Amino acid sequence: MLAHDGHNCLDVDECLENNGGCQHTCVNAMGSYECRCKEGFFLSDNQHTCIHRSEEGLSCMNKDHGCSHICKEAPRGSAACECRPGFELAKNQRDCILTCNHGNGGCQHSCEDTAEGPECSCHAQYKLHTDGRSCLEREDTGLEVTESNATLVADGDKRVKRRLLMETCAVNNGGCDRTCKDTSTGVHCSCPVGFTLQLDGKTCKDIDECQTQNGGCDHFCKNTVGSFDCSCKKGFKLLTDEKSCQDVDECSLDRTCDHSCLNHPGTFACACDTGYTLYGFTHCGDTNECSDNNGGCQQVCVNTVGDYECQCHPGYKLHWNKKDCVASCNLSCLAKRAEKRLRKALRTLRKATHREQFHLQLSGMDLDVAKKSPRASERQAESCGVGQGHVDNHCGGNEQTPVIVLCIGKAGVTQLPCEIPELRPKLLRLPQNVVVSCRAGTYYDGAQERCVLCPNGTFQSEEGQVTCEPCPRPENLGALKTSEAWNVSECGGLCQPGEYSADGFAPCQLCALGTFQPEAGRTSCFPCGGGLPTKRLGATSFQDCETRVQCSPGHFYNTTTHRCIRCPAGTYQPEFGKNNCVSCPGNTTTDFDGSTNITQCKNRRCGGELGDFTGYIESPNYPGNYPANTECTWTINPPPKRRILIVVPEIFLPIEDDCGDYLVMRKTSSSNSVTTYETCQTYERPIAFTSRSKKLWIQFKSNEGNSARGFQVPYVTYDEDYQELIEDIVRDGRLYASENHQEILKDKKLIKALFDVLAHPQNYFKYTAQESREMFPRSFIRLLRSKVSRFLRPYK
């Protein structure tokens, strides 16, 4: 960069910003910089990351391979050294010699390559500094300053005049920082866009565009030399105008949430269906309701996928609240109830169909139902089929005699239909073949020929019914919650938590001392156990029981030993003073016992999808923290004549436990095989690289120490004929130079589009120029235009 005097050039220390992108150590050099690795590591081909070698191998795998810059595998296991751009290989084929092509050889003015290296020289009116690189201005002996003040002023004026006449753009650019133009009055300096000319008429000063209306940026503005960059908050992306920020709709991406996704500005939230619990931020696992207070069941709790059910011991049946158990009815009792329900149903059906006579199929038997007995002639007529009536002594269709189908089951005779296969469950077939499905909380009114709400004081929990059931306590009609009661619990007068009664309705009693009840409408209370009393009547939870010790989260109270027990692995407890631990959802478990939060429940399955052309690998439980003591291996084996390109958008591995958690990519499982990538720490800056071998064996391993989010790493395979071009792209520093370009490598939608083209180059033509401009910033398109054109030329 240009010094403030407008004449000299100062070295830019690239290591000051993000450590120069180096994984370990960044060393600044004149006009450049280089990355170095710690003991036991060597620099990978991308010149930024470091690869760990636990055992010494041959050739480039050995840290003492001797190459100053780049070591590449050669046939038969030997090593071949190469130099970075701007250097040339020395005669010993190991060292690299600086040339004038690299940082002008370190020279301030002119540079000339010699056998010994760059040789510096200076422009006219300058002399070489003793350092052999810098240039100093020569003082004209005729204009030397004397010790007299008067002589100093006079000689100074002469020097200015003479210098104006001598100045020319051919010498030191006329002293101008940037553009110089010769005029009749001397040189005229000007500055490019993004700079302003200073009062000395020579120096160009950068304009800080961010000081004026934030540079026009929506979110963040970062000033750069001669320009500025806009960037966005996390969860937003920069639009193609490179100033505006737009919310990233994570819900539109693949694999964001297992069940439901709700997008918010800058973020998103996942939600699970009923009966499932959210874990790992985005995943849903079946909730084991039975692990929490036996699911509230009085006797037996059975967990099912996405639900659970309470069951009763023999001799008991389930109460209407689906949790309590009451003594079951004997055979005589069932017969009386069935007869009563059948009579009620027949009365209801006559009203619903407006017919004095109709055909009834009852559990497989055909019955003719009439207000009075038919005449003898009708009895002697031919037997008609189901749904047919007699018309002029012949069988007629459905328009004459309606078909009503009833079943006697757990829900009584009003459960329709029964054994006619063409009728689907929960549908009621009425005259003229009209099929109606009345939802729970409603019934079919034949007079109005439509579904109507259950009237106040009644309820209906089943679909496709022709009547509603009366609430258990008619005296509580005024307390009914809604006129569309779909469950008996919607009837008023339910016993509240801490209360109970014989049927769950008022009048209710408070739970006795030593018992509690957390739910409404129950017929009994749960005992504290172990002879523990409660603090008061009407207790609503176990926490009201007076335990001998107060258990902290991660523990449960054992009422037999009266001690606090740590929650076993696979369970957790976030609250104080509980008598149970909650099971982790789905197939998740905890790393250790004594867990206190659902976030400690982790899926140990190694994630990813491996395809011939595209795919990804994913740490277990991603994006939640990965489990301890886990090991995953993947093998990417592309089709013939294809190579592998990998993008690591970000990776989160804790370094506090001395590299106990690591990710390594190499040719085979052998520690001596060619290694492409290895890391054991967090990098939020993305990186792209090609595999050093035709196939990859990948291993992720964690110890029992700290944990972190891990990674999701996509890959693509491409035609090996384009190996040199792809490497040229991923090694171009401009790909990572700005935050905007880095965000491209983190954008799943853009990466998917890029990989689509790399895997199948002909797909480039399905993206119009307008679509490309809308997807990628102009600076990124400018960066890749020439390279992409070369890449696609064979397909045009």
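What you see is a predicted model, and the numbers here were worked out from it, not measured in a lab. This chain uses plain numbering: 1 for the first residue, then up along the sequence. Computation of the quantities below employed the complete heavy-atom set of this structure, encompassing side-chain atoms and omitting hydrogens, waters and symmetry-equivalent molecules.
Remark: C176 SG to C189 SG, distance under 2.5 Å. When the SG-SG distance for C26 and C15 is compared with the 2.5 Å cut-off, it comes out below that value. SG atoms of C257 and C251 are separated by 2.5 angstrom or more, inconsistent with a disulfide link. Cysteine sulfur proximity is not satisfied for C210 and C217, their SG distance being 2.5 angstrom or more.
Enclosure of atom CG in D658 is not indicated, since only 12 or fewer non-hydrogen atoms of other residues, nucleotides or ligands lie within 6.0 angstrom. More than 12 heavy-atom neighbours from other residues, nucleotides or ligands sit within 6.0 angstrom of NE2 on H259. The number of heavy-atom neighbours closer than 6.0 Å to CG of N637, taken from other residues, nucleotides and ligands shown, is above 12. Atom CD of E704 has 12 or fewer heavy atoms from other residues, nucleotides or ligands within 6.0 Å.
Here the side chains of I646 and V713 are in contact, with some heavy-atom distance below 4.5 Å. Counting only heavy atoms from C-beta outward, the side chains of C584 and T590 approach each other to under 4.5 Å. Side-chain contact between H219 and C232: present, with at least one pair of heavy atoms (C-beta onward) separated by less than 4.5 Å. Here the side chains of K748 and E250 are not in contact, with every heavy-atom distance at 4.5 Å or above. Contact check for P553 versus P574: no side-chain heavy atoms found under the 4.5 Å cut-off. Residues S231 and L238 have side chains not in contact (no heavy-atom distance under 4.5 Å, counting atoms from C-beta outward). Side-chain contact between F228 and I207: absent, with no pair of heavy atoms (C-beta onward) separated by less than 4.5 Å. No side-chain heavy atom of L696 sits less than 4.5 Å from a side-chain heavy atom of T635.
In plain terms, the two heavy atoms of Y626 and R709 that are nearest each other are CD2-C, 4.1 Å. Here the shortest heavy-atom pairing between F592 and S595 reads O-OG, 3.4 Å. For the residue pair W634 and E618, the shortest heavy atom distance occurs at CZ2-O, 3.4 Å. Taking every heavy atom of both residues into account, P623 and G280 meet most closely at CD-O, 3.5 Å. A pairwise comparison of heavy atoms in I751 and L745 identifies CG1-O, 3.7 Å as the closest pair. Listed here is the closest heavy atom pair of Q246 and L239: CB-CD2, 3.6 Å.
Between the D177 side chain and the C191 main chain, no donor and acceptor come within less than 3.5 Å of each other. Of the possible donor and acceptor atoms, one in the side chain of R692 sits under 3.5 Å from a partner among the backbone N and O of T675. Counting only distance, with no hydrogens or angles, the side chain of D661 and the backbone of S707 share no donor-acceptor pair below 3.5 Å. Under a 3.5 Å cut-off, the side chain of N706 and the backbone N or O of P654 do not form any donor-acceptor pair. The main-chain N or O of G215 is never found under 3.5 Å from a side-chain atom of Q213 such that the two would form a donor-acceptor pair. In this structure, the side chain of S227 does not engage the main chain of T224 through any donor-acceptor pair within 3.5 Å. Under the 3.5 Å distance criterion, the side-chain polar atoms of D218 are matched with a main-chain donor or acceptor of C245. T717 places a side-chain N or O within donor-acceptor distance of the main-chain N or O of D612, the cut-off being under 3.5 Å. The closest donor-acceptor contact from the side chain of D292 to the backbone of V582 lies at 3.5 Å or more, if one exists at all.
In this structure, a donor-acceptor pair under 3.5 Å is absent between the side chains of N621 and N603. T25 and R36 form no side-chain donor-acceptor contact under 3.5 Å, judged by distance and modelled atom types alone. Side-chain atoms of N597 and Q600 include no donor-acceptor pair closer than 3.5 Å. Neither side chain, D13 nor Y33, offers a donor N or O lying under 3.5 Å from an acceptor on the other. Between the side chains of N223 and D206, a donor-acceptor pair is found at a separation under 3.5 Å. If you check the side chains of Q681 and Y662, you find no donor sitting under 3.5 Å from an acceptor.
In summary, E720 and R642 do not engage in a salt bridge, as defined by a charged side-chain N under 4.0 Å from a carboxylate O. Salt bridge annotation for K749-E743: absent, with no cationic side-chain nitrogen under 4.0 angstrom from a carboxylate oxygen.
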Legend entry - Verdict with reasoning, C284 to C270, per disulfide (SG to SG under 2.5 Å): CA-CA 9 Å; C284 296; C270 295; over 6 Å; no
Inset, instruction - Please step through ring pair (Phe, Tyr, Trp, His ring centres under 6.0 Å) for the pair Y718 and F613, ending with a clear verdict. - result: CA-CA 7 Å; Y718 58 92; F613 297 97; over 10 Å; no
Legend entry - Steps toward side chain to side chain contact (heavy atoms under 4.5 Å, CB included) verdict (V648, Y677): CA-CA 10 Å; V648 183; Y677 177 83; 4.2 Å; yes
Inset, instruction - Determine, step by step, whether C22 and C35 satisfy the disulfide (SG to SG under 2.5 Å) criterion, reporting the C-alpha distance in whole Å, the side-chain angles of both residues, the deciding distance to 0.1 Å, and the verdict. - result: CA-CA 5 Å; C22 300; C35 300; 1.8 Å; yes
Inset, instruction - Could you walk me through whether K222 and F220 pass the side chain to side chain contact (heavy atoms under 4.5 Å, CB included) test, one step at a time? - result: CA-CA 7 Å; K222 181 182 179 182; F220 305 120; over 6 Å; no
Inset, instruction - In sequence, state the C-alpha distance, the side-chain angles, and the governing distance for I698 and V664, and then conclude on side chain to side chain contact (heavy atoms under 4.5 Å, CB included). - result: CA-CA 6 Å; I698 305 173; V664 62; over 6 Å; no
Inset, instruction - Begin with the C-alpha distance, continue with both residues' side-chain angles, and end with the deciding distance and a verdict on side-chain hydrogen bond (donor to acceptor under 3.5 Å, both in side chains) for S583 and T571. - result: CA-CA 4 Å; S583 294; T571 66; over 6 Å; no
Legend entry - side chain to side chain contact (heavy atoms under 4.5 Å, CB included) assessment of F268 paired with T256: CA-CA 9 Å; F268 69 99; T256 298; 3.5 Å; yes
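Partner K602 forms a side-chain hydrogen bond (donor to acceptor under 3.5 Å, both in side chains) with one of T630, D591, N625 and no other, that one being D591. The one candidate from E678, R666, E631 that meets the side-chain hydrogen bond (donor to acceptor under 3.5 Å, both in side chains) condition with Q699 is E631. Partner of F711 under the ring-ring contact (aromatic ring centres under 6.0 Å, His included) criterion, chosen from F652, F700, Y622: F700.
Take K205 and apply the salt bridge (charged side-chain N to carboxylate O under 4.0 Å, His left out) test, not counting sequence neighbours, and it matches no residue. Scored by the side-chain hydrogen bond (donor to acceptor under 3.5 Å, both in side chains) test, D254 finds K752 as partners (sequence neighbours excluded).
The distance from atom CH2 of W697 to atom OG1 of T676, rounded to the nearest 0.5 Å, is 12.5 Å.
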